[in-house]
Trainee: 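Have a look at this one before I ask anything.
None of these values were measured; they are calculated from a predicted model.
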Amino acid sequence: MEAKRDWRTSRPAGFAVIGLIYVVASAFGVAVFTSMDGAPWLRLLAADAAATVLVWSASWALDNASVYDPYWSVQPIVILDLWLVANGRFDLSALALAGLLNVWGVRLTANWAV
């Protein structure tokens, strides 16, 4: 008799759950950022803290630390890209930095997924 598989034992289901948590956390962080007044760095700090608490809470509620692991390779992409858009920085150096950070984050996340 085959054991029942849930999201913890099915890679596609696990990736879907983690992906959904990260999409919700990113949307929540962006919502916090756009709803606040004040210095952009302070708004970004609040947005990151909100997203971090949401991902950590989901990890804790699901009793699975692996939900939180890829956060460190995904969130810098969101933070830097949001910072550049909020500050209207689209010059060559800003785009080069964003490109390098995005490649690094995608590579690191892919390594985690494999």
Trainee: Hydrophobic cluster membership, with links at side-chain heavy-atom distances under 4.5 Å among I/L/V/M/F/W/Y: are V78 and V53 in one?
Mentor: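 Result: no, two separate clusters.
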Trainee: Would you indicate whether F28, at its atom CZ, is surrounded by more than 12 heavy atoms from other residues, nucleotides or ligands within a distance under 6.0 Å?
Mentor: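 Counting other residues, nucleotides and ligands, CZ of F28 stays at 12 neighbours or fewer.
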Trainee: Which pair of heavy atoms, one from A31 and one from T34, lies closest together, and at what distance?
Mentor: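 Nearest pair, atom of A31 first, then T34: O-OG1, 3.3 Å.
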Trainee: Side chains of V17 and L62: closer than 4.5 Å at any heavy-atom pair?
Mentor: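 V17 reaches L62 side chain to side chain.
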Trainee: I need the I77 CD1 to L82 CG distance, nearest 0.5 Å.
Mentor: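 Here the interatomic distance stands at 13.5 Å.
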Trainee: Side chains of residues 39-47: which donor-acceptor pairs under 3.5 Å do they make with residues two or more places apart or in other chains?
Mentor:
{"residue": "R43", "atom": "NE", "partner": "F33", "partner atom": "O", "Å": "3.0"}
{"residue": "R43", "atom": "NE", "partner": "M36", "partner atom": "O", "Å": "3.3"}
{"residue": "R43", "atom": "NH2", "partner": "F33", "partner atom": "O", "Å": "3.2"}

Trainee: On a heavy-atom basis, which atom in Y71 and which in D48 lie closest, and how many Å separate them?
Mentor: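 Here Y71 and D48 meet closest at OH-OD1, 2.7 Å.
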Trainee: I'd like to check the salt bridge (Lys or Arg N to Asp or Glu O under 4.0 Å) partners of D37; sequence neighbours left out, ordered by chain and number.
Mentor: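 Salt bridge (Lys or Arg N to Asp or Glu O under 4.0 Å) list for D37, sorted by chain: empty.
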Trainee: Where the side chain of S26 meets the backbone of V23, is there a donor-acceptor pair that is under 3.5 Å apart?
Mentor: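 Side chain of S26 to backbone of V23: no pair is present.
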Trainee: Side-chain donor-acceptor pairs under 3.5 Å in residues 99-114, sequence neighbours left out?
Mentor:
{"residue": "N102", "atom": "ND2", "partner": "A98", "partner atom": "O", "Å": "2.8"}
{"residue": "T109", "atom": "OG1", "partner": "S73", "partner atom": "OG", "Å": "2.7"}
{"residue": "T109", "atom": "OG1", "partner": "G105", "partner atom": "O", "Å": "2.7"}

Trainee: Name the orientation class of the two ring planes belonging to Y68 and W72 (parallel below 30°, tilted from 30 to 60°, perpendicular beyond 60°).
Mentor: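 The rings of Y68 and W72 stand perpendicular, inter-plane angle above 60°.
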Trainee: In chain order, what residues pass the salt bridge (Lys or Arg N to Asp or Glu O under 4.0 Å) check against R89, with sequence neighbours excluded?
Mentor: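 Scan of R89 (salt bridge (Lys or Arg N to Asp or Glu O under 4.0 Å), adjacent residues dropped) gives D91.
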Trainee: Any side chain to side chain donor-acceptor pair (under 3.5 Å) pairs touching residues 75-84, not counting sequence neighbours?
Mentor: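 Not a single pair qualifies under side chain to side chain donor-acceptor pair (under 3.5 Å).
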Trainee: Quick one: pull up CG in L54 and OG in S59 and give me the separation to the nearest 0.5 Å.
Mentor: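 If we round to the nearest 0.5 Å, L54:CG and S59:OG are 11.5 Å apart.
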Trainee: Would you kindly confirm whether I79 and V55 end up in one hydrophobic cluster when ILVMFWY residues are joined by side chain heavy atoms under 4.5 Å apart?
Mentor: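 The answer is no; the residues belong to distinct hydrophobic clusters.
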Trainee: Taking only residues two or more places apart in sequence, or in another chain, which ones meet Y22 in a side chain to side chain donor-acceptor pair (under 3.5 Å)?
Mentor: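 Side chain to side chain donor-acceptor pair (under 3.5 Å) check on Y22 returns nothing, list empty.
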